[in-house]
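Inspection log for the structure reproduced underneath, given as structure tokens.
Residue indices begin at 1 and follow the sequence shown. Quick note: numbers below take in every heavy atom, side chains included, and nothing from hydrogens, waters or symmetry partners.
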Amino acid sequence: MPDTSPTDPVAEAFEAQRDRLRAVAYRMLGSHADAEDAVQEAWLRLSRQDTATIHNLTGWLTTVVGRISLDVLRSRQARPEASYDDRLPELARTVDGGPVPEDDVALTDSVGLALLVVLDSLGPSERLAFVLHDLFAVPFDEIGRILGRSGDAAKMLASRARRKVRATERPTVVGREQREVVQAFLAAARDGDFDGLLRLLDPGVRLTAETPDGEVVVLGATEVAAGARRSAGAAAGGQAVLVGGLPGVVAWREDGVPLAAIAFTVVGGRIAGIRIVTDPARLASMDLPDPE
């Protein structure tokens with residue numbers, strides 16, 4: 001951690017930027033742990049830099065965090081099994097008893113989660129251009145320098161990314177449409193309706209499963225649909241719940257022991273993300289509702 005004593009003005013200036021840098025890195029990387037690492041690496045680079053040559057500290061630090069995050073995203077592309085450790089950080093569960101008021105805090109939380117899922121579907125350059133410009137108002141010329149491209153090219157990347165995330169702007173994330181999509185998905189899985197599953201899944205859907213043997217990631221509608229047909233039994237008789245503000249299902253064994261908890265992120269009428277927990281130790285640590 002930086003030395004923030006009054007005798008270290010560089011560290012004080014960095015601390016004044018820390019929250020903003022953390023926010024930039026988190027929206028780039030979707031992981032609090034990775035965001036903290038990126039911010040700490042930015043501090044290390046600043047501490048080795050001749051600060052007399054930095055004329056705009058905010059811009060310099062944003063550029064550094066952007067480049068660090070871009071490297072992490074490109075590394076993930078080569079390792080798609082890389083863990084996203086806190087997509088549903090608390091996995092907060094409540095029984096899904098029907099419509100949720102639009103001003104409920106769960107709506108706000110799930111909008112953010114849905115946006116992160118959509119951002120995961122973007123290429124690293126698209127994600128950086130969109131996050132830095134649309135969320136943090138970084139000029140396209142600066143974004144272009146980070147990417148090694150022109151400002152016009154950065155603008156085109158942001159525009160392309162914007163079209164992909166626009167669906168998340170509609171305030172219907174925990175509404176009737178989302179519940180209906182999830183129920184239709186579960187019904188299609190139970191009936192073995194492969195074509196029906198494909199219609200309900202976003203082509204770039206990401207399924208993450210926490211199993212007793214570790215985390216498993218499945219990418220793409222075809223692979224996720226095939227797996228859903230094989231494992232439909234666990235969710236078919238489950239209870240509808242909200243998981244981290246997202247529509248989901250909890251299923252139990254006949255003896256009342258939790259079998260699985262599943263959360264769905266629905267964007268633009270299709271399922272863009274599924275998170276499944278089947279690890280008994282993880283399930284035991286969750287505040288699950290009692291079986292009906």
Side-chain angles (χ1 to χ4, degrees), residues 17 19-39 41-42 56 58-80 82 84-88 107-173 202-206 208 219-220 245-246 265-273:
Q17 297 288 329
D19 287 346
R20 181 178 186 274
L21 297 174
R22 186 187 294 116
V24 170
Y26 178 62
R27 283 159 181 79
M28 283 290 297
L29 301 173
S31 161
H32 288 296
D34 287 347
E36 288 288 354
D37 288 345
V39 172
E41 175 62 23
N56 178 353
T58 298
W60 189 92
L61 287 170
T62 301
T63 296
V64 169
V65 168
R67 286 173 174 160
I68 294 169
S69 299
L70 189 63
D71 288 343
V72 173
L73 291 175
R74 286 170 173 167
S75 175
R76 284 181 183 173
Q77 279 196 325
R79 298 180 297 107
Y84 291 73
D85 59 347
D86 50 10
R87 178 55 38 76
L88 299 177
L107 177 61
T108 301
D109 290 345
S110 57
V111 168
L113 290 168
L115 176 59
L116 284 175
V117 170
V118 175
L119 291 178
D120 278 346
S121 72
L122 304 178
S125 298
E126 287 179 334
R127 184 165 182 165
L128 182 135
F130 174 80
V131 168
L132 291 188
H133 182 268
D134 285 43
L135 303 186
F136 295 96
V138 177
F140 285 122
D141 286 344
E142 292 184 24
I143 296 171
R145 284 193 288 271
I146 296 173
L147 294 171
R149 303 188 185 190
S150 68
D152 287 342
K155 185 175 182 179
M156 291 179 63
L157 286 167
S159 177
R160 192 163 62 203
R162 195 177 301 119
R163 290 194 295 269
K164 296 180 181 180
V165 304
R166 193 165 288 155
T168 65
E169 296 174 359
R170 294 176 295 179
T172 57
V173 175
D202 184 90
V205 62
R206 178 188 182 93
T208 304
L219 302 175
L246 301 176
T265 299
V266 180
V267 178
R270 289 187 172 186
I271 294 172

Which heavy atom in Ala129 sits nearest to a heavy atom in Ala154, and how many Å separate them?
-> CB-O, 3.7 Å

For residues Asp152 and Phe140, determine if any side-chain heavy atom of one lies less than 4.5 Å from a side-chain heavy atom of the other.
-> no

Could you tell me whether the side chain of Thr62 reaches within less than 4.5 Å of the side chain of Arg20, counting heavy atoms only?
-> yes

Residue pair Thr63 / Val138, side-chain heavy-atom distance below 4.5 Å | no

Decide side chain to side chain contact (heavy atoms under 4.5 Å, CB included) for Leu157 and Arg149; before the verdict, give the C-alpha distance in whole Å, the side-chain angles of both, and the deciding distance to 0.1 Å.
-> CA-CA 10 Å; Leu157 286 167; Arg149 303 188 185 190; 3.5 Å; yes

Is a donor on one side and an acceptor on the other found under 3.5 Å between the side chain of Arg74 and the backbone of Ser69?
-> no

Give the minimum heavy-atom separation between Met28 and Val131, together with the two atoms involved.
-> SD-CB, 3.9 Å

Say you draw a straight line from CD1 of Ile143 to CZ of Phe136; how long is it, rounded to the nearest 0.5 Å?
-> 11.5 Å

In Å, rounded to the nearest 0.5 Å, how long is the span from CG of Leu147 to OG of Ser125?
-> 5.0 Å

CH2 on Trp60 to CD on Gln17, rounded to 0.5 Å | 12.0 Å

Indicate the atoms forming the closest heavy-atom contact of Leu73 with Pro124, along with that distance.
-> CB-CB, 3.9 Å

First locate atom CD1 of Ile68, then atom CD1 of Ile146, and finally report the distance between them rounded to the nearest 0.5 Å.
-> 11.0 Å

Which heavy-atom pair separates Ala42 from Val65 by the least distance, and what is that distance?
-> CB-CG2, 3.8 Å

Checking Glu126 side chain against Gly123 main chain: does a donor-acceptor pair fall under 3.5 Å?
-> yes

Between His133 and Arg162, the two heavy atoms sitting closest are ND1-NH2, 4.1 Å

What is the minimum heavy-atom distance between Ala35 and Leu29, and which atoms define it?
-> N-CD1, 4.1 Å

Would you say Glu36 and Tyr26 make side-chain contact, with heavy atoms under 4.5 Å?
-> no

Compare all side-chain heavy atoms of Leu132 with those of Val24 and state whether any distance is below 4.5 angstrom.
-> yes

Keeping the roles fixed (side chain from Arg206, backbone from Gly273), state whether a donor-acceptor pair exists under 3.5 Å.
-> no

Drop me the distance from Arg27's CZ to Leu128's CG, to the nearest 0.5 angstrom.
-> 14.5 Å

